[in-house]
Amino acid sequence: LDISTAQTVDDALKHFAAKEILDVDNQWLCTKCNKKGNCEKSMRIRNAPNTLVIHLKRFGFGRSSRKLSSHTKFSTELRLDKTLFADQ
């Protein structure tokens, strides 16, 4: 999870599940008609696992690599809401 702009693990999970619009420079290429078009992309969890491992991205990349020094808050109990799960 990208924690560079998130205060909490919950915030990072919401950002992970947010829809991203693919347009202009990063349009989707349709494999059937071979044309580019705008679309929405999002990540979802299909089935809740018994054990969920969360990897926190602690390094920022850009002109220079750096280790993030901000603190990320988390609770001892994680409640996954419907925004993270795929529609079934």
Side-chain angles (χ1 to χ4, degrees):
L1 291 176
D2 185 3
I3 58 169
S4 61
T5 59
Q7 298 286 323
T8 66
V9 169
D10 288 330
D11 291 342
L13 282 169
K14 286 177 188 171
H15 178 55
F16 172 80
K19 288 183 181 177
E20 178 184 351
I21 303 215
L22 302 177
D23 59 0
V24 188
D25 292 333
N26 59 350
Q27 288 181 319
W28 175 259
L29 178 62
C30 178
T31 56
K32 292 181 182 179
C33 65
N34 205 30
K35 292 184 181 178
K36 290 187 175 184
N38 297 344
C39 69
E40 292 180 346
K41 174 181 89 168
S42 63
M43 301 290 267
R44 296 285 187 267
I45 298 171
R46 184 175 300 230
N47 298 313
N50 292 332
T51 303
L52 179 65
V53 177
I54 298 175
H55 176 86
L56 303 179
K57 292 182 181 178
R58 300 181 309 126
F59 294 89
F61 297 98
R63 293 184 183 163
S64 63
S65 299
R66 61 178 171 65
K67 186 173 181 178
L68 301 176
S69 60
S70 60
H71 295 279
T72 304
K73 297 177 185 176
F74 62 94
S75 64
T76 56
E77 187 174 300
L78 182 64
R79 295 186 182 265
L80 301 175
D81 63 8
K82 290 188 278 185
T83 60
L84 291 173
F85 290 95
D87 296 335
Q88 305 223 358

A.B. asks: Might you point out which heavy atoms bring Thr72 and Ala6 nearest each other, and give the distance in Å?
C.D. replies: OG1-O, 4.5 Å

A.B. asks: What's the spacing between Lys73 NZ and Asp10 CG if we round to 0.5 Å?
C.D. replies: 12.0 Å

A.B. asks: Is there a continuous path of hydrophobic side-chain contacts, each under 4.5 Å between heavy atoms, that joins Trp28 to Met43?
C.D. replies: no

A.B. asks: Rounded at 0.5 Å granularity, tell me how far NZ in Lys36 sits from CG in Asn26.
C.D. replies: 9.0 Å

A.B. asks: Name the atoms and distances for all side-chain donor-acceptor pairs under 3.5 Å in residues 17-24, with sequence neighbours left out.
C.D. replies:
from  : atom 1 : to    : atom 2 : distance (Å)
Glu20 : OE1    : Lys41 : NZ     : 3.4

A.B. asks: Would you indicate whether Gln27, at its atom CD, is surrounded by more than 12 heavy atoms from other residues, nucleotides or ligands within a distance under 6.0 Å?
C.D. replies: yes

